[in-house]
Amino acid sequence: MPELPAMSDREIWEKASTIAAAFGDDEPEHFTDRLFDILRDTTNPQDWRRVAAALDAIAGASKQ
């Protein structure tokens, strides 16, 4: 089975930033559809884990 291409670190952080901005005040019924729209072009499951780690870092950062 061919290895899926990995996203660059920049792509990971851009994707995580997009998700954080999109879901700041989201209602639960829209969450799944919107999250899928953002992640549907991310084919490598390892990249999903990297995006999740970046989201954790964004969510845990102090607001300025």
Side-chain angles (χ1 to χ4, degrees):
M1 178 177 257
E3 188 159 329
L4 298 170
M7 294 169 67
S8 70
D9 287 343
R10 179 183 177 95
E11 291 170 319
I12 292 293
W13 283 99
E14 286 174 346
K15 185 79 69 173
S17 296
T18 299
I19 293 168
F23 296 105
D25 296 322
D26 201 18
E27 296 179 20
E29 59 268 8
H30 300 293
F31 178 84
T32 304
D33 291 336
R34 291 177 60 206
L35 183 61
F36 179 74
D37 286 343
I38 292 170
L39 289 176
R40 89 169 108 205
D41 64 336
T42 306
T43 57
N44 189 335
Q46 185 63 24
D47 288 334
W48 285 40
R49 290 190 266 294
R50 293 172 61 207
V51 169
L55 272 168
D56 285 343
I58 291 169
S62 64
K63 309 258 187 272
Q64 294 185 11

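- Contact between Asp47 and Ile12 at its shortest, heavy atoms only, is O-CD1, 3.7 Å.
- For Arg50 (side chain) and Ala6 (main-chain N/O), no donor-acceptor pair under 3.5 Å exists by modelled atom type.
- Taking all atoms of both residues into account, the shortest heavy-atom contact from Leu55 to Ala16 is CD2-O, 3.3 Å.
- Taking every heavy atom of both residues into account, Trp13 and Ala57 meet most closely at CH2-CB, 3.7 Å.
- Side-chain contact between Lys15 and Thr18 is absent, with no heavy-atom pair separated by less than 4.5 Å.
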